[in-house]
Every structure is written in structure tokens, then in C-alpha cells.
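To start, the structure under review is shown below, and the notes come after it.
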Amino acid sequence: MDISFFRRGIKLSRRARPGKIEQIPPPGRAVLSLQQGSGPPAEPSIEIGETVIVGQTLAQCASGSGADLHASISGEVTAFEDLHFPNGTTVKALVIEGDGKDTWAEPERDDKPLIASPGELLERIRRGGVIRQGSETKSLAEVIGEAMSPRGYLSSTGSTVAKPVRHIAVRFADQDPHLDALAAMTETIGDKTADLDLGVKVLASITGAEQIHFVLDNKQETPGLDKLADDNDYAVLRLDATNYPDLSSPMVARAVSGKEPDTAFKRVHENGILVLDVDTVLETALAARDRRPVVSKLISVNGPEGAGVFEARLGTPLADIVSAAGQKKEIGKVVLGGPMKGIAHHTLEFPLTKEISGITLFGRDQIDMAVNDPCVGCGLCSMVCPIRLTPGMLSRYCEFSSWDLAQEAHLFSCIECGCCAYVCPAGRSMVQFMVQGKSELLSTRRSES
Amino acid sequence: MTNQRLVVSISPHIKNGRTVRRMIVTTIAALAPAALWGFYQFGLDALALVAVGITAACATEALITRLAKKRSSLGDGHAVLTGLVLALLVPAGVPFWLVIVGAVMAILVGKMPFGPLGGAPIYPALVGLLIVATSWPTEIRSYVQPTTAPVELKVEGAADAETPRDAVFIDPSDEAEYKTADLFLGKQVGPIGAISPLLLLLGGLFLILRRVARWQAPLGFLLGMGLAAGIGHALDPSGCASASFHLFTGSAMFGAFFLCTDWSSTPVTPWGMFLFGLIGGGLAVLLRIAGLPYGAVPWAIVIMSLATPIFDRITPTPFGKVASHA
Amino acid sequence: MRNKIWFMAVVLGIVAFLAGLALAGVKGMTTPIIEKRILEQKIKPSLDEFFGSLDLENDCIEDRQVLDLGKDARGRKQVTTLFLGKKGGKVVVAALKTKAAGFGGDIEVLTAFSLDDKKILGVKTLSQSETMGLGARVSNDAEPFIQQFSGMNYSDGVAMRSNGGLVDAISGATVSSVAFTAAVIRATELVETNVGSAAAN
Amino acid sequence: MRTLTQEFTKGLWEQIPPFRLVLGLCPTLAVTKSLEGGWGMGLATTFVLVCSNILISALRNVIPPKVRIATFIVIIATFVVITELVMKAYTPMLSETLGVFIPLIVVNCIILGRAEAFASKNGMGRSLLDGLGIGLGFTLALAVLGGLRELLGTGKLTMFAQANLDLTIIPLGEGREFLFKFMVDPPGAFVCLGAMLLLMNLISERSAKAA
């Protein structure tokens, strides 16, 4: 049964683990968006016509708050292109025509990165282009900065007190059990445990975190990780990933600290808990030690005909990845991310960016359209809402523009996990109402202040 | 694979396949055993009454949607459920026209003015039932002796058969005549679908297991009735029958599992539902002790339904908020 | 001038005075008509029914007495009207109006007594607001519950069967039946205590 | 400025009190159990309305503005008590049917509303027509509502009980009092009122479309 008596959230079926990561060869042409994750786009530091090699910096973040962008294939920068994101924004992208040689830049290896100062390490992460994955994709350096001293944010209570980061939780499975990039990485982590350890230590050194937690799916068998945790006194926490959204940041934060963080404005990390995905930690290690930037990405593909976990260079067209997964039939819907929280896109002619952790494909016959009938008041949404809201009422407040009531009913605490819409018998697009309500409220607030 | 038309919509992109129609069909299925028992006990008359009730409800809804030039809402099955619940809550001896008027009123007054589904402040079937019950108080009490009733207490001047509750109200010493097991198994006089606490309990548990209904309201209701009756019985055994007697007679079980768990007319938050049930159950016993001649449970639930917006304000503290802040 | 206090007081005073005059006039004209109407339309038909066959010497509507019942819980004065019928110069029958709280409000009952043989001649509901089809059956004269009072000996006291008396309740309408009986009991008590002195007058 | 005819007719449809002004709902819901109750209440209100309108209009230049409400209430109350006494004396059955709602005419918003909004600003002739129009509109609405409820509820129409002018439209079986008691119960009043509002809105919507 997908709804439990005693537990909020929903139960999703687990996919069979593919267990193996397939490599996708570097594409002939890579399109690299200047914006990776939320935040301002980076400023290009090269000219059209220049020849680049893998790992060479293409664009730098202007304000020092974002993450740099690096070439993912070697070749010639031929053009700036407009890239249409699924959220409606248009961002400039660099196009590299590959030379087929895949020449890599020589890494500047630093064997003892932990000696470096926290500021230096943070700068290496930023220059390495590390993006925090998960619900809010954003430059890791920026996330850490925010967690350590929240600035510029208007909190719901108006307080802007700095809180030290006390816990770092490393997630070894995707939030959405239909995605399995992280799980596949965890299964094949064997030789990378040293990297993982280093990444964790680098992060702890930057933030001064006291406790590291490994958050694993309870079905994962991870002798290497267990040993690592034992040796270093890291806490291991096993959760059932099929209990969606138990692996989302606020739920993980509660599981590791025993305290519930305020989810309003996605400020989970302000409560002194940093929840990161394992790939982010590995990238951190590489950026800190080898100064090797992020140029490729693990991606989980899930479609009616083919599924698998692939490692592909940034900028690879999604269509290539999808056909590598064996998908041939006509597709009705493309979702960037998992089925619960991913964003539908109107085309597969879109390059792989750092924020895409999976692709979910639906055949024409598999599409669930929202019917948006009136709420029948069954209350199932209140039963599953992990944030203990009353989504049925909230969606009606938003539908009929009762913004004050919506805010009183803690609209901003909603994490948009989609559990309410998943169970809604009237087929209401609950998440849409919430997102719309939030943006409406924020824009009024902005125009008022 | 290029140039296809792809669908764009907001997350989540999967659903659990739950539809209003399926949930209503589940509810009807959960009512089926109790209804079948009623047909067995009261014969073809009962079956005919149920058929008439369902037909009248569906016809009224179809007519209204057509007149209002709206999309027909018959498909979700709610009209069927309304007619069924209404017919199951009347005794088998009522005239056909009474059930027809009740079903028409349920849809016309109780349901359609508030939108096809989801807006009704009071359970539509109860609106219909109470309209006919107040309009024809004598006819609504046309109880029929069931096939297997072991106790037949006849009170002079009463209708054809006397419900255990009426008999005990008139003479508290009659309570000893009714064996709790008989009452529980459904060997008693009463409304067509509400005489078998056992089958209603099973149906209700089925609903709860299928997550169509939640457990808070039924538990609260049964607890409320049990507590109120228990206290009343302890204080004055001749004025108030025992808790088990109250729970197993009349439409107590029916109310707990099928009326307290309605969607729009009951609260949605856990404590709201529990308190709704608890107070409703206590109120039902009070109404019975006060001698309301018919429909103590329906009335109690209707009264509580009017307070649903208040109960809906008892929301749990959201994740990460301090309790006092809410 | 219109905003001066004294002017306001004067205008209001004049208006109130004229209104008072008008009301006093109308009240004086209508009061006797109203009283007569009530007696004739509500009490007389019942009294005729009870006493019609007795050939009373007097008109009991004319020979009515007002009984002071003392004050109720809220300190309001309570009165009722006693109707006496004479034969041979002697008071032989009496009737009076009493009330008791029923299920939906007060039930008002007119009870007629035959004083010689200490029997109830009949009872009649003057007003009630009980549940229709159940408690409201007390207003039906043909109801066995109402009929059973006629001819009942009241000197030993009237009581419900559950209290060891002879009165059977209407099934399903115990509250109304008890209230109705309570009103009759009250009437018997009043007759017992008051008619002796009334007859002497 | 309305013509004198319009001053009278506006109360019959355009500003018919319970439906358009949505005023005086308390008696509308309470006394419309029967046709007789409806028109009786309506006429009693009309009488008070017309009398108070005329008197207030006549005194409008004398009454100090600061105590006008108090004066209005005294005048209205006087007429109400006169109405009550006269009805008790000459139409006792009707008076019993209407019960406490006759004294409650004092607080009927229609009357105070017309006094404040119309009679205190207009001449006696216009005030009379206004009071008459609004009053008759109120009577009409109450009578229709009462007739409908009584017909559905009991199958009868009591024109004037005192004169035995009852009509039995739908004969009932032996020993039965009610056809559909819900309609004469208070909730039935809400349902009927709602239905009539719906009807009024449909009609005016259609006529607005046609225009």
C-alpha cells in the first residue's frame, strides 16, 4: 500500500538496481550552459575560435559566489548559443566542436590538501565548479557560505543569526527511489573510499562540522563504507529510500540531528546541518586535491524501454544519452530528474548540465495528466504531507488567491515533494498551486519592500 | 526521435492511480456485506427500496446537470453512494415514495447547490434522510421484523416492530432480553443496512485498510459513544443502557465508519477528525438519552458537520515550527 | 434651535407623550375585546363539551375566579383561572388551566373535575409544541392516552404507571406524557386545596 | 428623480425587500409557514411602514437630527403596538399565528431603513407611495413564499383562517396533517428562499440578456 497509517510521505516501488555504470563517449559537440544550478551565470573568459582542452576554464563566476565552468571535451569554441531552460529562462551557452582527441589538462595535484586554509579550500571548490546536487542545485561554495553566515536572506521570523555547521550528512541514494545514479555510484565506490574520506574531511575542515553522517538506503550493502565510517567515527544511518521523501534534505536533517529544521525558504542548512550527495563530496575531493574540475556527471535514465546509469560529459545532448539507454520508441514526455520532483522539458535537444541527475521518460500512453477537478475534501493529502500541512486547503487558498490565508497556513514551509498530488484522487496539480502561490506572495512582498 | 511533440507538466509525473470514482466504488463495496445482510433479513422489499433510492438519486443528478448544462457527474458514482446510504438508513417498511423524496432532496438540497462533489457541508444522504425523517416521523419508523430476530418485544400502539433502542427506552428492564452477541451479529430490528455491527465493522476496517477512510474519526466516534454511555450507565442504569447496547444498536456502527468518514463534511486533520468523532459520539448518546425518537446518530453527525470548519483549524504544527508559533 | 439640548428633549418628550396617549386609548378599547375573545374561543368550547350535559345553573365563564399561584422561580406572579359550575346553589364542577414543561415547550392543559364523586370529567390540551407524530399526539382528543383520564378518581392522586399509578404513557413519547400528566396532577392539587374555599363563597 | 408611479412600483420588483434588498429576512423565514401568515405579516408591516413613513415625513423638519433615530423608533413602536392590539382584538387567529413576530416589526430593518433613507428626506406623498410600494412588495414576497411552503408542506392554502377560507389543493389521507413537513419547518424556509432567489436571478439575468 502506498499510504501508511503511521508514517507520513508515500511508499514508492524500488527499481531493480542496474549495478553497473556505463560510460558514454565524449560527444562531437558539447553545449555548455553558462548557468549551472541556480545563481548568476558565469562570465566567459575565452573568445570564440579559441582551442580548449578538457578541464580548461571557460567561464568564471563574476561575484565569487557561483562556480566556474570548464571545457568537457577538447576542441574549438565555435559559438555562443541561446539555451532555453525548462523553467522558461534563456541562458547563453558555449559550443565546443570536438577534435576527437580528448586531451586533458595536466592536473595540479596537491597531495596534502588538508593543510590548506579553509578559505583556500573553499576557493578550490568554487574554481572546480562543484555544484550541490539534490533539491536545490546551487554552487557548493555558495551553499557553505550561506550555511555558515546567512546573509541577504529574509527569514520567516526576521532573524539572521549565524549558526555553525555541526553536522554534515552524506546521502548515498537519490531522494526519488526511481533514480539510481547515487545508488550505482555507492555500489561501485570500492576504490573511491579514500576520495570520499578526503572530501568529507575537506568539507569538515571548511565548515568546522563536528559529526559526519552517512545516510544509506537500508538495502545497500556497503562493506567499504562501513569500514570507513568505523575507522573515522562517522555515524551511519540507514533509511528506507522507498519511503519518499525520507531522503530529502529536511527529513535527513531531522534523522541525523533529531530536530526538525524550518523548511520555509529552503533554509534547512541554517540549522547547522549540511546535507550533500555523495557525488558532490567526491567532486569536492577531486577539486581540492587534484584541482580537477567537474566535467562529467552520473545520470540515471529511466524509460519505458531502457534504463541504466551512465557517466557522460557535461554538454552531451540528452538525446545521445537516451539512445544509449536503448530507448527507440516514440516518447511522450521527458522529465529532467525523477518522476516526483523532476521538471518536464519540451525537447531532448538539451545538453547535460550539472543539475540534471536523471532523465525519466514516459511513453505516450503513460502520461498522467492532471484533471484538476475541485477538491473533494478527502484529506489524503493531509495524511501524506511530510511537512504536516493541509495541502488541500492550501491549494484552494492559492487557487482562489487568498494569499494571506495561504501564508498563515505555512505555504512557505512546503517542500514541493509532490506527495499530495501523487495521492490526490481529484487529480489536482497541487504543486503547481503551491509554486504559483509562493511566487505570487514573493513578488508582492518584493514590490512592497 | 527529433521534433516530437512532448508533453510538459508540473511534477509529480506519476500518480498512484487513485481516483474519486475508485474510492467511491471501494466505499460501496465496503457497504455491500451489510446491505446483503439487510436484504436477507428484510427480504425483497429492502432490495427494492435500495434500488429505488439509487435510481432516484442518479436521475435527479442527471437531470440537474443537464438543466444546468454542466458536465454529467454521474460517472464518479457519488450519486449511487448517496442513494445507497440513504436507503440503507431507513427501515425496510417505509413506502417507496419516502425513499424517492429523500434521494431527490439529498441531491437537490444536500449536494448540488454546493458543487458536484467536495463542497457539501453536510453529508448529502443525511440531508435527505433527516428531511424525510422530520417530515414523516411516523412513516420513517416503519420497522419490520427481521427473519432471524430472536427477541420480539411488542409494545402496544407501536409500529410493526420495535427497535431494541425504543423498547429499552420505554422500559429499561428490557435490556436484559437482548443478548449482546445477537445484537452484534445483526439479529435485531433496525434500518436496512445498519443492523449488523459485525459486517459494518468489517466493511469499515476494509475502508480503513484501503486508506479510503481514516481511523481517527471512527475510533473517536465509537470511543465517544462508549464513554458517554458507560458513564451514563454507571450513574443511572435505568436512564441509560450499557455501552455495548448503545454501540450495537441503531446506526452507531454505520455512523462511525461510513458517515464520520465522509470527505467534505468532516475535518481532515488527525486531531480534528478524532475530536469530531469523540464529541459526535457523546452527542449521539445524549440525544438518545434525551429521547430523540429517530436518528440520534445522524443528527449528532450533522450537528458536528456544521462545526467542521472549526475542527479543521486544529492543524498539526508544521515541520520545523515551534508549537506555540502555530 | 434644532441642535439645542432642551429642544431635543422637548420634541422627544412630546412625541413620546403623544405615543403614550395613543397607546393608552387603543389599549383601553381593545383589552375587553381581547379577553372576551380568549375565553370564548379557547375555553368555552371545551367547557361546553365537559359540562354541556349537566344543565348547570350558571355560566361558568361569567363566574370565573382568578387563583393566585404565588411566584415562580424567577419571581414572576403566577395566576390561573378557575371556572366553577353550580347546580342547586352548590358548586358541583370545576375546571382549570395548568401547564408543565414538555419536550418542545410548555404543554397547557385544561382539566375538568366533578366535585361530588371526585372524578376527572375530562382533559384537553390547550396548547403544546411537542414532536409531531409522537408527543404531539397529546393534542388529539381521541388518543387513548387522553381518554384514560376521563372518569379517573383523583382523590387518591393521579400518577404515571412507573410511579405506581394508573396512567400509561404514549409509547415513544414518554417526556410529553409525563409532562401532560404532571399538568393534570397540578390541577388536581389546586382543585383539592382551593375549591373548598371557593365553594363556600 | 422617479415619477410618482415609479416610486410606488419600485418596491414590487426592482427593490422587492426580501429578495432584492435582502432586508427583513427574520420575519420572512419565520412566519411564512402559511399563506395567511405571509400576507398577514406583510400587511401588518405595510400598515406600520406607511403610517410611520407619513408621520416621519411630516415631522422631518421638526425632528432634531441628533435624536432622529430615537424619535423614529418611538413612532414605529407606537404603530407596532397599535397593530398588535388591534390584531389581537379583531383577528385573534392571525395574531396567534404571527405571535411574537408582530412586536418584532419594530426592529424590522425595512421600516427603519425607509424612514432613514426615504421618509426623512422626501415629502409626505412620496413617502406614502414609497411605503405602500415597499410594503406591498414585502407582502407579495411573503405571501408567495408562504403559499409555496404551505402548499408543499400541507397541501392546503389558508387564505384567512378566521373566516374559514381554507383551500385544500392536495387532499391528504385520513388522520394526516402534513404532506411534506420539511417545507413548513425552518430549514424548509431557507431552501424555499434560496430557490426563489435563484429563480429571481435567472429571470432578471434573462431579461438583462434580452434587453
Side-chain angles (χ1 to χ4, degrees), chain C residues 1-45 104-106 108 125-144 146, chain D residues 33 47-48 51-52 55-56 58-97 99-100 103 106 115 120 153-154 161-162 174-186:
Chain C
M1 192 177 77
R2 278 175 74 193
N3 279 328
K4 292 268 171 21
I5 289 281
W6 63 266
F7 183 76
M8 293 180 199
V10 167
V11 171
L12 207 52
I14 293 172
V15 169
F17 177 71
L18 291 178
L21 272 188
L23 288 183
V26 176
K27 175 105 179 158
M29 279 180 341
T30 51
T31 307
I33 308 178
I34 294 171
E35 278 187 0
K36 198 166 151 242
R37 289 256 182 199
I38 290 176
L39 288 175
E40 274 184 2
Q41 293 193 338
K42 295 188 102 178
I43 309 288
K44 194 162 183 291
D106 278 348
E108 220 177 15
T125 308
L126 292 178
S127 72
Q128 53 86 18
S129 45
E130 300 303 287
T131 316
M132 199 196 55
L134 292 160
R137 279 151 72 181
V138 295
S139 63
N140 179 6
D141 293 340
E143 180 70 32
I146 304 294
Chain D
K33 283 183 178 179
F47 170 72
V48 176
C51 292
S52 63
L55 199 58
I56 287 166
L59 295 176
R60 71 184 189 279
N61 294 324
V62 185
I63 299 169
K66 280 187 183 165
V67 289
R68 66 183 195 285
I69 300 286
T71 320
F72 295 168
I73 291 285
V74 171
I75 293 171
I76 295 167
T78 310
F79 284 117
V80 168
V81 177
I82 291 173
T83 315
E84 188 193 0
L85 290 173
V86 170
M87 283 179 77
K88 261 194 185 155
Y90 297 105
T91 58
M93 289 176 90
L94 183 56
S95 157
E96 202 165 284
T97 311
V100 76
V106 178
S120 59
T154 62
Q162 211 170 323
E174 191 62 33
R176 292 196 42 193
E177 261 183 281
F178 290 101
L179 181 71
F180 188 9
K181 181 165 173 280
F182 173 74
M183 283 300 166
V184 288
D185 278 343

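Chain letters run A, B, ... following the sequence lines, proteins first and then strands; every chain starts at 1.
Rounding to the nearest 0.5 angstrom, the gap separating the CG atom in C:Leu23 from the CD atom in D:Glu84 is 10.5 Å. Separation of atoms CD1 (C:Ile34) and CE (D:Met87) is listed at 11.5 Å; rounding is to 0.5 Å.
Neither the backbone nor the side chain of D:Phe79 comes within less than 4.5 Å of any heavy atom in chain C.
Among all heavy-atom pairs drawn from C:Val11 and D:Val62, the shortest one is CG2-O, 4.3 Å. Closest heavy-atom contact between C:Arg37 and D:Ala89: NE-O, 2.8 Å.
Considering only heavy-atom pairs separated by less than 4.5 Å from chain C, the leading option among D:Leu85, D:Ile75, D:Ile82, D:Val74 is D:Leu85. No other option in C:Ile33, C:Leu18, C:Thr30 has as many heavy-atom pairs under 4.5 Å with chain D as C:Thr30.
More than 12 heavy atoms of other residues, nucleotides or ligands shown are found within 6.0 angstrom of CD on C:Glu143.
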